[in-house]
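Side-chain atoms are counted along with the backbone in the values below, which use heavy atoms only and exclude waters and symmetry mates.
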Amino acid sequence: MRINHHPLLVGLTCRNYPVSTYRTVLIAYFHLYEKLEMRIAEFLQRHTVQFDYSDRLKLPWIRDDLIFLNEDPLIDANLPAQGIEIPQIENVGQLIGVLYPIEGASLGGQVVSQHLKNNFQYSEAQGARFFNGYGDKTSEKWAEFCHFSDSIQGRTEQCKAAEDAALFVFNKFKEVLNDYYQSRH
């Protein structure tokens, strides 16, 4: 909830939300998801788990939105002022913890997606791919993730690792949004 009250996100569902701020959010998310998904992929290449992330990749969705908005996240002006450091994922608990905020954001994205459509005429194909997420399969995808996260139930060490990783990612979202907010306002 605290992330939703960040100055860059407040008003995202309002008609007068600045498109320039929306662009900034997507650029910030591009750089954060690039690092997060790199760590997820590295872990999944080294370990066999009962969870397929391949059709859940968010970075291509963000890239599609930025292309539609004619933004290049890799030009100097769009690079993060501070580097984004994401430690390696070492166990399934950490993986679940990293995925929790990412997958949870897809739930909230459904609300945002509707407002982007109503307020800016953005759609899954034009400017709102990231927030559209899994579309009508969002509940199903969330249930799949919850089933996977239940796999560590009763394993105290893994549950603690998941909690710590989720808190880290939530804080990293805030840190990256703060970085972009401070550099652009």
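When each of L57, L99, I86 is tested with I40 by the rule side chain to side chain contact (heavy atoms under 4.5 Å, CB included), just one qualifies, namely L99.
Looking at every heavy atom in both residues, L177 comes nearest to L8 through O-CD1, 3.4 Å. Shortest non-hydrogen contact noted between A166 and P101 is O-CG, 3.9 Å. Scanning all heavy atoms of the two residues, the minimum distance from W61 to G133 falls at CZ3-CA, 3.4 Å. Heavy-atom minimum distance, P7 versus Y181: CB-CE1, 3.5 Å. Minimum interatomic distance between G135 and Q110 (heavy atoms only, all atoms of both residues): O-OE1, 3.3 Å. Of all the heavy atoms in N118 and Q121, the pair that sits closest is O-NE2, 3.3 Å.
For the pair K58 and Y33, the NZ or CZ position fails the cation-pi test of under 6.0 Å to the six-membered ring centre and within 45 degrees of the ring normal.
Using a 4.0 Å cut-off between charged nitrogen and carboxylate oxygen, E42 and R39 count as a salt-bridge pair. Of the charged side-chain nitrogens involved, at least one lies within less than 4.0 Å of a carboxylate oxygen, so that E175 and K172 count as a salt-bridged pair.
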Start with the C-alpha distance between K137 and E144, add both sets of side-chain angles, then the distance that settles salt bridge (Lys or Arg N to Asp or Glu O under 4.0 Å), and finish with yes or no. CA-CA 11 Å; K137 293 186 179 193; E144 288 172 6; over 6 Å; no
Side chain to side chain contact (heavy atoms under 4.5 Å, CB included) evaluation trace for Q126 with D65: CA-CA 7 Å; Q126 296 182 313; D65 291 342; over 6 Å; no
R23 and N78: CA distance, side-chain angles, deciding distance, side-chain hydrogen bond (donor to acceptor under 3.5 Å, both in side chains) verdict: CA-CA 10 Å; R23 288 182 164 128; N78 288 335; over 6 Å; no
Any chance you could lay out the side chain to side chain contact (heavy atoms under 4.5 Å, CB included) test for F131 and L12, step after step, and finish with the verdict? CA-CA 11 Å; F131 283 104; L12 184 56; 3.9 Å; yes
Apply side chain to side chain contact (heavy atoms under 4.5 Å, CB included) to residues S151 and I96 and explain how you reach the verdict. CA-CA 10 Å; S151 69; I96 290 169; 4.2 Å; yes
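The shortest distance between side-chain heavy atoms of F43 and E90 does not fall below 4.5 Å. Looking at E103 and Y53, their side chains come closer than 4.5 Å, going by heavy atoms from C-beta outward. Counting heavy atoms from C-beta on, the side chains of S106 and Y134 come closer than 4.5 Å. Between Y180 and H31 the shortest side-chain heavy-atom distance falls below 4.5 Å. Side chains of R46 and Q88 form a contact here, defined as non-hydrogen atoms less than 4.5 Å apart. A heavy-atom distance below 4.5 Å is not found between the side chains of K141 and T138. With a 4.5 Å cut-off on side-chain heavy atoms, E157 and I152 do not count as touching. By the 4.5 Å heavy-atom criterion applied to side chains, L95 and F148 are counted as neighbours.
In this structure, F168 CZ and E163 CD are separated by 15.0 Å, a value rounded to the nearest 0.5 Å. Taking CD of E124 as the reference point, atom OG of S113 lies at 8.0 Å (rounded to 0.5 Å). Here CD of E71 is found 9.5 Å from OG of S20. Values are rounded to the nearest 0.5 Å. The distance from the CG atom of L26 to the CZ atom of F30 is 11.0 Å, given to the nearest 0.5 Å. Distance check: W142 CH2 to L107 CG gives 5.5 Å after rounding to the nearest 0.5 Å. To the nearest 0.5 angstrom, R129 atom CZ is 10.5 Å from S123 atom OG.
Under a hydrophobic clustering in which Ile, Leu, Val, Met, Phe, Trp and Tyr are joined whenever their side-chain heavy atoms come within less than 4.5 Å, directly or via other members, I84 and L74 fall into the same cluster. Taking hydrophobic clusters as Ile, Leu, Val, Met, Phe, Trp and Tyr residues chained together by side-chain heavy-atom distances below 4.5 Å, V10 does not share a cluster with F120. One hydrophobic cluster, built from ILVMFWY side chains closer than 4.5 Å, holds both V19 and I27. When hydrophobic clusters are built by joining Ile, Leu, Val, Met, Phe, Trp and Tyr residues whose side-chain heavy atoms come closer than 4.5 Å, directly or via intermediates, V98 is not grouped with M38. Hydrophobic clustering (side-chain heavy atoms under 4.5 Å, transitive across Ile, Leu, Val, Met, Phe, Trp, Tyr) keeps L79 apart from V25.
Ring to ring, Y29 and F173 are close: their centroids are under 6.0 angstrom apart. The six-membered or imidazole ring of Y122 lies near that of Y22, with a centre-to-centre distance under 6.0 Å.
More than 12 non-hydrogen atoms from other residues, nucleotides or ligands lie less than 6.0 angstrom from CD of E140. Within 6.0 Å of OH in Y100 there are 12 or fewer heavy atoms belonging to other residues, nucleotides or ligands. Counting heavy-atom neighbours within 6.0 Å of D150 CG, excluding the residue itself, gives a total above 12.
Using the six-membered ring where Trp is involved, F145 and F51 have ring planes that are perpendicular, over 60° apart on the 30 and 60° scheme.
When atom types are taken as modelled, the side chain of N132 and the backbone of A128 share no donor-acceptor pair closer than 3.5 angstrom.
Inspection of the N91 and H47 side chains reveals no N or O donor paired with an N or O acceptor under 3.5 Å.
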